[in-house]
Structure formats: structure tokens, C-alpha cells
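Structure first, then comments.
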Amino acid sequence: MLQPFANEALTDFTNPENRKLMEEALANVEDQFGREYPMLIGGRDATSEAKITSYNPAKREEVVGIAQRGTREDAEAALDAAWKAFEGWRWTRPEERAACLVTLAAKMREHKFELSSWMVYEVGKNWIEADADMAEAIDFCEFYAREAIRYGAVRPMHPWPGETNELAYIPLGAGAAIPPWNFPAAILVGLAVGPVAAGNTIVVKPASDSPIIAAKVMELVKESGFPDGVINFVTGSGSDVGEALVESPRTRFINFTGSREVGLSIVEKAAKRREGQRWIKRVAAEMGGKDATIVDSEADVDAAAEGVAIAAFGFQGQKCSACSRAIVDAKVYDAFLEKLIARTKQIKVGSTREQSNWMGPVINEGAFKKISAYIETGSKEGNLVVGGEASREEGYFIQPTIIEGVGMKAKIAQEEIFGPVLTVIKARDFDHAIEIFNGTEYGLTGGIFTRNAEKIERATRECHAGNFYINRKITGALVGVQPFGGYNMSGTCAKAGGSDYLLLFLQAKSICQKI
Ligand code: NAP
Ligand code: MG
């Protein structure tokens with residue numbers, strides 16, 4: 001019997017013992033730089049001719065590791081292995097499946113500092129963000145393990161004379177998990193083990209910016225008791241391996257998290273029936289956001305400045321949940337902006353190898369250029385009041401940037417920037433603030449700072465966002481506590497870490513017996 005679910009505790013880095021463990025892990029991981037990692041297909045290591053080199057975004061020339069650049073053939077081989085494994089895994093008792101997930105959680109817990117260190121180097125997370133990413137990965141395993149058991153129970157139906165009636169949930173088959181690089185452990189693990197807990201098998205294709213942390217997680221997957229072929233791992237580009245998985249007539253479902261552009265292309269391609277395809281592919285596509293925090297005239301302005309700054313600039317603003325718009329009532333606009341600027345100026349930017357640097361680099365050259373271009377555009381659309389400086393000399397560093405006095409229809413008020421750039425918009429009053437809040441095509445996270453109970457009620461009802469927060473930061477959703485996923489162009493509202501999640505990868509069977 002499993003104990004009730006409890007969220008993994010975050011590491012307290014003010015404790016010198018934990019700091020020491022993290023320093024040791026960082027040094028140990030650094031010693032392993034430049035190694036090559038295989039793919040995993042049907043329980044066997046696999047390599048390809050071409051390779052992917054993963055660099056440290058804080059030190060552009062530093063090679064973190066080498067991954068395989070898999071091909072369409074590798075994707076097909078992995079689907080073969082996944083279907084083969086499905087024949088056994090689909091009939092494996094939910095308790096046994098759950099045990100594999102719990103084992104994986106335990107192994108990740110045991111190697112937490114090491115895995116966090118890989119994230120520090122490969123994607124530039126600070127210690128706290130990397131640790132939270134690991135905690136979430138562990139939570140997904142623990143939570144979905146229990147969910148698998150819950151869904152495994154046959155449900156009695158409304159009684160009918162002369163018959164027994166039941167409803168059972170059965171898995172779909174072999175599918176693909178296609179995660180982004182920004183939560184390279186948590187989202188990768190969640191997208192893979194959710195469906196697998198439900199009795200499906202999977203081919204995981206990690207993002208090309210974070211294949212090494214993915215490979216490190218896979219080393220633990222191999223030791224966790226999953227039968228060969230239940231979880232397969234194929235590294236390679238989105239346009240090769242990713243598309244092959246999306247288009248194959250043998251792919252039963254696609255579990256995707258990433259950009260709106262790629263998400264929409266997947267939805268479109270998956271909808272087309274291919275030669276030999278016997279089902280309608282299921283697609284869960286979680287995409288971007290243009291998330292906002294309303295700072296009302298009756299807000300605690302200090303708390304609002306703190307909450308907005310953390311949500312805007314945490315992990316360099318590269319979270320789908322990041323606060324990229326602050327919508328501020330005219331009555332507190334100047335007071336709030338002054339506090340926000342002061343708070344933002346305290347943020348230290350640099351390599352997150354050092355604990356003291358709260359903000360690290362952005363992920364790569366492409367992101368650096370794209371964000372820089374938004375800063376240039378934004379400086380014309382509003383007034384740049386903090387930041388704006390960017391340097392790619394050593395790594396891709398961009399200072400936390402605030403652009404104020406921006407109209408709600410401006411480019412930087414509408415498009416996802418995915419970097420440390422906050423747009424501040426002035427609202428005439430509360431109604432106007434809500435109108436601005438809902439004035440984008442996204443609907444992922446959002447929140448309000450106010451002391452007024454009526455406004456809290458109205459904002460909760462009227463602000464169209466999948467995750468809504470009152471008087472706190474809008475990032476950091478916890479598994480089981482704040483199921484995650486948004487509306488409109490933010491995706492299919494999968495609600496990761498929620499009790500409806502496994503249903504996305506299950507189908508129900510009604511069983512009626514005459515007595
Ligand atoms: P991305 O460019 O869309 O990539 C996501 C994944 O899709 C990667 O593994 C990528 O592989 C793959 N891919 C790319 N092109 C593909 C294709 N044609 N067919 C199949 N797969 C393809 O997103 P990202 O830059 O990694 O992540 C940032 C985005 O994710 C942001 O928009 C952010 O808001 C969003 N996000 C959303 C959530 C949420 O829960 N809603 C959570 C986190 C992030 P390659 O890396 O090889 O290109
Ligand atoms: Mg990299």
C-alpha cells in the first residue's frame with residue numbers, strides 16, 4: 001500500500017550542509033562534461049551517426065555533453081518497441097506499474113543534487129529553480145502512480161434489473177511524449193510517466209537544447225523496473241524525429257508541451273489520417289502564454305512588486321507561466337512602478353554555477369536574438385525603465401527588463417517573448433484591467449493583487465486563465481495542488497498534476513453481463 005501523496009520538500013539552500021552537497025554535485029558533474037549518451041530503444045542503447053552537441057548557455061563554448069541525432073528510422077524502431085511492450089504492459093496490474101513510477105521517484109530523489117546540477121549547466125537554472133524542477137518530476141511520478149491505481153478500479157454503474165454493469169478504463173497504446181527544454185526534467189518526466197502509469201507505452205523525444213539532463217533521467221528509468229520498450233528515448237530534431245512520431249500511422253497519442261507554433265502544427269498533422277491508421281490520434285498540446293498580474297488600486301503594493309518581479313524574471317522569464325504583463329491601476333501606477341524598479345535592480349545576473357546569481361543566461365543564440373529584438377521593438381512601443389542591456393560575450397545574458405507605458409494592443413503586450421522582459425500597462429480602473437487581462441489569445445496563468453473581496457470574486461470569475469492566483473506570484477504550480485494547463489491558444493488544458501490527467505490517455509469500456 002502506498003502512503004497518501006505528499007509533495008516533495010524543496011531543498012533549503014540556506015542550510016550549509018545542503019550548500020556543500022550542491023557544490024560537490026556541481027563539481028562532480030563538471031568532471032563528466034563532454035561524455036556521449038545513447039538513445040534507449042526497446043531496452044537497448046542505440047546510437048546514430050550524427051550527434052547533437054549540448055552547450056552551456058552561460059559559457060557558450062563549453063560542451064555539457066553529446067547526444068545522438070536520431071533519425072526517422074530510429075523513431076519507427078522505437079514505436080515498434082513500444083507496441084511490442086504494450087502487449088505486456090497493458091495487462092500489468094496498476095499496482096505493479098505504480099511501483100515502477102515510485103521507484104523512479106526514489107532514484108531521482110537519491111540523485112537530486114546531481115540532476116539539479118545538470119540543469120544548472122545545461123539550461124542555466126539557478127539552484128532553487130533546478131531543485132524545484134526535480135521536486136516536480138518526483139511529484140509527477142508519485143502522483144500519477146496513485147492515480148493509476150485509482151483508475152484501475154472497476155466502477156460499478158447504476159443498477160439495472162437482470163444485469164451487472166461495470167465501467168473499466170483501458171489504455172490507448174503506444175504514443176509520443178514531446179517536451180520543451182524549459183522544465184527539462186519535470187515536464188519530460190510528467191509527459192512520459194502519466195500515459196505510462198495508465199498502461200500505455202511511450203517514445204520520448206526531448207528538446208534539442210536539453211538532451212543531457214533527459215539522458216541522465218533515462219539512466220534512472222532503466223534501473224526502475226519498467227519492462228524493455230515501455231519507455232523509449234530517441235534524441236533528435238523536432239523536424240525529423242518529432243515529425244516522424246507525430247505523422248506515423250502507428251502513433252496512438254501525442255503528449256506535447258511547447259510553443260504555440262509547434263503545438264498547432266502537431267494538432268494539424270495529427271488530424272490527418274495516414275495509410276493504415278486505425279484510430280483518431282489523441283493530442284494533448286500545452287502551449288505558450290502571455291500571462292498577466294493585475295495590480296489593483298487596493299493592492300498591497302510592496303507584495304505586488306515582489307510577486308510580479310519573481311514571476312517575471314524567475315528562470316529569466318522562460319516559463320510558460322511567467323508574468324509578462326503587469327496591468328496596473330492608474331491610482332497606484334507610479335508607486336508600484338517605483339517599487340518594482342527598485343526590486344528588479346537587486347537581481348543579480350550571471351552564471352548560475354554561483355549560488356549568488358539569481359538570474360542566469362537565456363537558453364541559446366536564437367532566443368538571445370529574438371528577445372533582444374523584442375526589447376528593441378518594445379522600446380519604441382513604451383519606455384524602457386530598467387535593463388535592456390544584453391551581452392553574448394561569454395554566455396547569453398540579458399538583464400531583467402521593464403518597459404512601461406505600453407498599450408494593450410502593442411506587440412510586446414500580445415506576443416509571448418519567453419525572456420526577462422516585463423510589459424507594464426496602465427489601466428483606467430478595475431473593469432479596464434480585466435478587459436486588458438483578457439485581451440490576448442492566450443489564457444494560461446494570471447493573478448490579481450487586491451485587498452478588496454468583491455474584486456477578488458469578480459476577477460476570479462472573469463479573468464480567463466487556467467491557473468489563477470490571488471495575492472501571490474503566478475508561477476510555481478504544485479502537482480496535485482494546482483493542476484496546470486490553460487485555455488485558448490495556451491493549449492488543450494491537460495491539467496498536468498490533476499486528477500483528470502490520466503483520463504487523457506485512457507478509454508472507457510462498458511461491460512454488461514446478463515444474470
Ligand atoms: P518548441 O520549440 O515548441 O519545442 C517543444 C518540443 O517540440 C521540442 O522537443 C522540439 O524539438 C519539438 N518540436 C519542434 N518542432 C517539431 C515538429 N515539427 N514536430 C514535432 N515536434 C517538434 O518549444 P520550446 O522552445 O522547447 O519551449 C518553449 C515553449 O513551451 C514556450 O512557448 C512555452 O510557453 C511553452 N511551454 C508551455 C508549457 C505549458 O504547460 N503550457 C510549459 C512549458 C513550456 P527540438 O527541440 O528538437 O526542436
Ligand atoms: Mg544548451
Side-chain angles (χ1 to χ4, degrees), residues 50 52 54 57 67-70 72 75 122-123 133 136 140 176-188 190-192 194 203-211 213-214 233-248 251 254-270 281 283-291 315-324 362-364 366-367 370-371 415-419 440-445 465-467 475-477 479 482-498 501:
I52 298 173
S54 180
Q68 310 303 313
R69 190 175 290 283
R72 287 178 173 257
E122 193 173 37
V123 300
D133 198 317
E136 191 177 353
F140 278 133
I178 307 181
W181 53 266
N182 74 328
F183 282 84
I187 297 184
L188 177 133
L191 292 187
V203 180
V204 184
K205 189 219 88 70
S208 297
D209 281 305
S210 57
I213 173 70
F233 177 61
V234 182
T235 42
S237 82
S239 50
D240 273 328
V241 173
E243 270 188 32
L245 291 170
V246 168
E247 290 176 356
S248 172
T251 298
I254 299 147
N255 201 10
F256 168 83
T257 301
S259 62
R260 181 193 60 169
E261 188 193 4
V262 174
L264 289 179
S265 84
I266 288 178
V267 168
E268 195 177 326
K269 285 179 194 137
K281 288 176 191 169
V283 181
E286 299 308 296
M287 316 193 298
K290 191 66 194 173
D291 313 310
F315 190 35
Q316 298 78 268
Q318 302 171 115
K319 299 184 189 181
C320 53
S321 55
C323 178
S324 64
V362 300
I363 188 67
N364 58 29
K370 188 176 149 204
I371 298 162
E415 296 178 15
E416 185 181 50
I417 300 172
F418 221 58
T440 77
E441 62 185 26
Y442 293 104
L444 190 46
T445 74
N467 285 64
T475 51
V479 170
Q482 293 116 1
F484 193 81
Y487 308 146
N488 296 350
M489 281 300 155
S490 293
T492 51
C493 198
K495 287 297 181 211
Y501 191 72

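Side chains included, hydrogens not; waters and symmetry mates left out as well; all remaining heavy atoms used. Heads up: numbering here begins at 1 and tracks the sequence. Atoms within each ligand, like the ligands themselves, are counted from 1 in listed order.
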Do protein heavy atoms approach atom 4 (O) of ligand 1 to less than 4.0 Å? no
Ligand 1-proximal atoms of Leu444, by part, heavy-atom distance under 4.0 Å: side chain
Between the side chain of Thr475 and the main-chain N/O of Ser321, is any donor-acceptor distance below 3.5 Å? no
Polar contact flag for Met287 and ligand 1 (N/O pairs, less than 3.5 Å): yes
Within the 4.5 Å heavy-atom criterion, are Phe418 and Ser324 side-chain neighbours or not? no
Under the 3.5 angstrom rule, does the side chain of Lys290 hit a backbone N or O of Glu415 as a donor-acceptor pair? yes
Of the side chain and backbone of Val262, name the one, both, or neither that has a heavy atom under 4.0 Å from an atom of ligand 1. side chain
Of the choices Leu245, Asn182, Val204, which has the non-hydrogen atom that lies closest to atom 44 (C) of ligand 1? Asn182
State, yes or no, whether a side-chain contact exists between Trp181 and Gln318 at a heavy-atom distance under 4.5 Å. yes
I'd like the name of whichever of Ser259, Pro211, Ser208 reaches closest to atom 47 (O) of ligand 1 through any heavy atom. Ser208
Please enumerate all residues that pass side-chain contact (heavy atoms from CB on, under 4.5 Å) together with Glu286, with sequence neighbours excluded. Thr257, Thr492, Ala494
Determine whether the side chain, the backbone, both or neither of Phe183 has a heavy atom under 4.0 Å from any heavy atom of ligand 1. neither
re atom 6 (C) of ligand 1, the protein heavy-atom contact at minimum distance is Pro179 O, 3.4 Å
How close does the nearest protein non-hydrogen atom get to atom 28 (C) of ligand 1, and which residue and atom is it? Phe418 CE2, 3.5 Å
So how far is it from Asp291 CG to Tyr442 OH, rounded to the nearest 0.5 Å? 10.0 Å
Where does Ala496 meet ligand 1, judged by heavy-atom distances below 4.0 Å: at the side chain, the backbone, both, or neither? neither
Do any nitrogen or oxygen atoms of Gly258 lie less than 3.5 angstrom from nitrogen or oxygen atoms of ligand 1? yes
Can you confirm, on distance only, whether ligand 1 has an N/O atom lying under 3.5 Å from any N/O atom belonging to Glu416? yes
